[in-house]
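Single-structure report; data block below.
Only a predicted model underlies this, so the values are computations on that prediction, with no experimental measurement involved. Residue indices begin at 1 and follow the sequence shown.
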Amino acid sequence: MSQIAQKHLLAGIIFGDAETGEYIYLPGGEVGADNPLCVFEHDGTKEDVTLEEAGYLVDHLTLKPCAHPALGRRSF
């Protein structure tokens with residue numbers, strides 16, 4: 001599933017869980033980068049993670065496509 005999650009992140013889909021406040025997305029400025037970094041929001045902080053780490057976290061934390069409170073359904 002992480003390969004699928006990575007492809008969805010590259011397409012701008014935001015994964016998250018509104019109850020826990022955890023979100024993962026690819027900022028528009030990272031589109032087309034050789035090694036894109038995603039943003040992992042949790043516990044009121046933002047952390048940069050690689051695309052591979054983001055795919056793992058989506059699976060491990062069972063995050064689903066969702067709407068981000070500030071960004072909406074897509075990150076770009």
Output the distance between atom SG (Cys38) and atom NZ (Lys46), rounded to the nearest 0.5 Å.
13.5 Å

Side-chain heavy atoms nearer than 4.5 Å, only ILVMFWY residues, links allowed to pass through others: does that put Val58 and Tyr23 together?
no

Give, for atom CD1 of Ile24 and atom CG of Leu57, the distance between the pair rounded to the nearest 0.5 Å.
4.5 Å

Can you see which heavy atom on Gly72 is nearest to which on Ile14, and at what distance?
O-CD1, 3.3 Å

Check step by step if side chain to side chain contact (heavy atoms under 4.5 Å, CB included) holds for His8 and Phe15.
CA-CA 9 Å; His8 284 230; Phe15 288 88; 3.7 Å; yes

Can you name the nearest heavy-atom pair linking Gly16 to Cys66, along with the distance?
N-SG, 3.4 Å

Which atom pair, heavy atoms only, marks the closest approach of Asp59 to Ser2?
OD2-N, 2.9 Å

Side chain to side chain contact (heavy atoms under 4.5 Å, CB included), that's the test. Do Asn35 and Thr50 meet it? Break it down for me.
CA-CA 7 Å; Asn35 296 306; Thr50 66; over 6 Å; no

Rounded to the nearest 0.5 Å, the CZ atom of Arg74 sits from the CG atom of Leu26 at a distance of 12.0 Å

Determine the minimum heavy-atom distance between Leu9 and Ile13, stating which atoms define it.
CD2-O, 3.6 Å

Closest non-hydrogen contact found for Leu51 with Gln6 is O-CG, 3.6 Å

Transitive ILVMFWY side-chain link Val49 to Leu63, under 4.5 Å:
yes

Are Val31 and Leu10 connected in the hydrophobic side-chain network, where two residues link if heavy atoms are under 4.5 Å apart?
yes

Does the side chain to side chain contact (heavy atoms under 4.5 Å, CB included) test come out yes or no for Asp17 and Leu61, once each step is laid out?
CA-CA 9 Å; Asp17 183 342; Leu61 299 173; over 6 Å; no

Using the six-membered ring wherever Trp is involved, compare the ring planes of His68 and Tyr25 and label them parallel, tilted or perpendicular (cut-offs 30° and 60°).
perpendicular

Under the side-chain hydrogen bond (donor to acceptor under 3.5 Å, both in side chains) test, which residues partner His42, sequence neighbours left out?
Glu47

